[in-house]
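Take a look at the structure below.
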Amino acid sequence: MQFIVISENFFDREWTEKELNEFLNRQNRNGQKLILPILHNITAEQLKEKYPSVADIQGIPSNRYSCDQIALLFAKQLIKRLKSA
C-alpha cells in the first residue's frame, strides 16, 4: 500500500501523474487496493474531477486528522488487507 499526498501542486505535473497512473494500473492488474491518498488542501470532489479513475478510492483529508491519526488509519487498512488475504 502506498501513501500519495495529493495537493494542488500535484495536479498537472507529469511525474506525479505517471506515479499515480502506475499505482492505478498495478491496482487494476492485481485487484488489490494499493493507494491511500492523503488530500492536502483539496477536496475529494476536486480529486475526482481531476482523476475520475480514483472516484472509488477513499482519501484522508489532512486538515481533519493529525499525523498520528493518519498513521493509525493506514495501519487499520493494512490489517484489513492482511485479514482478507
Among residues at least two apart in sequence or on other chains, which ones pass side-chain hydrogen bond (donor to acceptor under 3.5 Å, both in side chains) with Gln46?
Thr43
Interatomic spacing from [atom1] in [X] to [atom2] in [Y] - rounded to 0.5 Å:
X     : Y     : atom1 : atom2 : value
Leu47 : Leu20 : CG    : CG    : 8.0 Å
Ile70 : Ile60 : CD1   : CD1   : 6.0 Å
Phe74 : Ile79 : CZ    : CD1   : 11.0 Å
Asn63 : Ile38 : CG    : CD1   : 12.0 Å

Under a single-linkage definition using a 4.5 Å side-chain heavy-atom cutoff for Ile, Leu, Val, Met, Phe, Trp and Tyr, are Leu78 and Val5 assigned to the same hydrophobic cluster?
yes
Partners passing salt bridge (Lys or Arg N to Asp or Glu O under 4.0 Å) against Lys50 (at least two apart in sequence or in another chain):
Asp12
Taking only residues two or more places apart in sequence or in another chain, which ones pass salt bridge (Lys or Arg N to Asp or Glu O under 4.0 Å) with Lys76?
none
Determine whether more than 12 heavy atoms belonging to other residues, nucleotides or ligands lie under 6.0 Å from atom CD of Glu49.
no
Classify the ring geometry of Phe10 against Tyr51: parallel below 30°, tilted from 30° to 60°, perpendicular beyond 60°.
perpendicular
Are any of the side-chain heavy atoms of Asn41 and Ser7 separated by less than 4.5 Å?
no
Counting C-beta onward and ignoring hydrogens, is there a side-chain heavy-atom pair between Phe11 and Ile6 closer than 4.5 Å?
yes
